[in-house]
Amino acid sequence: MSTVKCCEVSQLDICHSFLQWVSQETGKVQTRIFDFQMSRHRALFLSLFILIILVLLVNFYFAFVMNSNNNNKLTSQPESPKALFASNKIFSSTSKTLILLDSPARDNDNDLRNVRNASLEFSMKIEKYLQKISFKYSKPSPLLHSEINKLWTYLQPSVGVSTQLLSVAKEWVGARNIVPAQVPLLGSVLKTISVAKIIKAQNAPGGTQLKLLITFEGGQQALFKPQWYKRDEIIEGPVYSGKDRHNAEVAAFYLALLLGLRRVPITAARKINLQTEIMPVASKTLLKTFIVDGKNNTCFYGTCHYCSPSDAVCGSKVWIEGAVILMLPNNVKLKHFRSPWQRTYKENKAAKWEIDSNFCETVKSNKIYNLQNGPRLLDLIDAAVFDFLIDNGDRHHYEVPGNVSGAAVLFIDNGKSFGHPFQDHWDILAPLYQCCVYVCPSGHSDYYREHDTKMYITDIFFLAFCLFYLRLRKYTWERLLLFSGGTLGAALEKLLSTSFISPVLTSFHLNALNRRLRVIYATAEFCFQNFGIDAVLIDDGYR
Ligand SMILES: Nc1ncnc2c1ncn2[C@@H]1O[C@H](COP(=O)(O)OP(=O)(O)OP(=O)(O)O)[C@@H](O)[C@H]1O
Ligand SMILES: [Mn+2]
């Protein structure tokens, strides 16, 4: 108003141009302020937009990687333990491959915690992959023949029998292998074990089963596990049923050679004359347990947890077949560990690993199983693969050479293997499938994996963290691939033909190996397709 007044009073033109100038300047200032505000907002919007695009891109990328195979979407709804169990019953009876559960179905809800859900859940997922791998993995490897021929040559005695060879074999034992990869003297060592003079026989200390500790001329010691069963006898009941199978100990040694897991003590088959080779050199306590049965067969029952006069093992007249397992040298002090995947050995009580799918997390929280601290967890996964093939569900403890870094889990005691050629216990593979899954501390990332396909932004961060977990040793995997196309049984048969108690396994057991290997392939596929092969396979520098 004052400006208008000014204009009315005098110098209208000046006043007018002054007014014009003022309004122009004000406009300019306003425009500048407006421009400045606009550019700030624009920048803000732009950065927000870029951020969202970035997040979406990363999100899509992970969702794509994690979910690359839409056909393999996992169960969309969580199922109650009861439902899972019921479906398994149908599934077991319709499937060619049996999944055995130690625990029977129960109506009482209070007992549901004892149903082996964790193993069951995985088994059902793996079954889907099993159906799809019929063509994949069906081609025999071109490398197979040369590998079998090489091992077969090693198994031929190349020099004469001598107990000095047993001292040579002692030198083979290292932190990670009991037998080296190149081992031309192996056949001669095995031959020596099968014929060397026994100078002492006693009850073997340790363990619960009947076995003898024998000493050869020259001082080398070995365990003798006698034959209890005929080759074609089928052991019914839970996976750990029955007595030790001597042929299983022999077969496990040869299979370990094939798989490059040379961690089984050197084992040869031997027929022993109880009256001339054992009784004259037996300790007093052992000798007391020798008897002759009604058919004039020489028998003995020894002293051990399960030993009793009513349960003696008998030869055919004086001859008894058995597995001779060379003792590791005295300087190898074994360290004894309880297996995290130990069974309860009670049908109505499940172990934690049988009910908790996240069990591997619990295992990894123990520092000896941390991948950064050494090969132990991957060794247990190797053991699971090996045990699944031989159907050994009895690895309640394991041993490693002490005082050496990076020492391997040894596969000592394979006596409870090869019990039932028509059953597969998928839960023996638990260390493999429980430790390769995407299980993260947040829990809800796991929920994504279990229940559907949606991916949450927060998952990206957890995923990045979780990717450091999963694993199967690359070397083991490559070795398993050598036997694609159903060739494992025949390969083992060829090596076992060199044994002194051939045939060591019936064709049913040999065929079971091919079937079980397919389950391992399917389990690995389950891991690969969920996380990508590079995330699952690991070269930790050990083999
Ligand atoms: N080749 C070997 N070299 C050194 N020690 C061995 C060898 N074989 C077995 N042992 C030792 O003897 C123990 C008993 O052997 P093994 O496990 O074969 O017997 P077992 O009666 O079947 O045992 P368990 O009842 O615990 O299953 C092993 O835990 C190990 O400490
Ligand atoms: Mn045992």
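All ligand and atom numbering here is 1-based and tracks the order in the structure.
The set of protein atoms (N, O or S) found at less than 2.8 Å from the Mn ion (ligand 2) reads Asp413 OD2, by chain and number.
In this structure, His305 has no heavy atom closer than 4.0 Å to ligand 1. Proximity of Leu326 to ligand 1 is established by a heavy-atom distance of less than 4.0 Å.
The disulfide bond (SG atoms under 2.5 Å apart) contacts involving residues 329-397 comprise Cys360-Cys435, where partners must be two or more places apart or lie in separate chains.
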Please tabulate, for side-chain N and O atoms in residues 272-282, each donor-acceptor pair with protein atoms closer than 3.5 Å (sequence neighbours left out).
from   : atom 1 : to     : atom 2 : distance (Å)
Asn273 : OD1    : Gln275 : N      : 3.0
Asn273 : OD1    : Thr276 : N      : 3.1
Asn273 : OD1    : Thr276 : OG1    : 3.4
Asn273 : ND2    : Thr276 : OG1    : 3.4
Gln275 : NE2    : Thr298 : OG1    : 3.4
Glu277 : OE1    : Arg270 : NH2    : 2.7
Glu277 : OE2    : Asn273 : N      : 2.8

Which pairs would a plain distance check flag for residues 157-166, meaning a side-chain donor or acceptor within less than 3.5 Å of a matching protein atom at least two apart in sequence or in another chain?
from   : atom 1 : to     : atom 2 : distance (Å)
Ser158 : OG     : Pro184 : O      : 3.3
Ser162 : OG     : Gln164 : N      : 3.0

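Comparing Met327, Arg395, His397, Lys211 by heavy-atom distance to atom 15 (O) of ligand 1, the nearest is Lys211.
At least one N or O atom of Leu328 sits closer than 3.5 Å to an N or O atom of ligand 1. Considering backbone and side-chain atoms together, Glu249 places no N or O closer than 3.5 Å to any N or O of ligand 1. Ligand 1 has a nitrogen or oxygen under 3.5 angstrom from a nitrogen or oxygen of Glu399.
Contact annotation for His396 and ligand 1: only side-chain heavy atoms (C-beta onward) come within less than 4.0 Å of the ligand.
The shortest side-chain heavy-atom distance between Trp228 and Glu233 does not fall under the 4.5 Å cut-off.
Asp391 has no carboxylate O lying under 4.0 Å from a charged side-chain N of Lys416, or vice versa, which leaves the two without a salt bridge. One finds a salt bridge joining Asp311 and Lys243 here, because a Lys/Arg side-chain nitrogen approaches an Asp/Glu carboxylate oxygen to under 4.0 Å.
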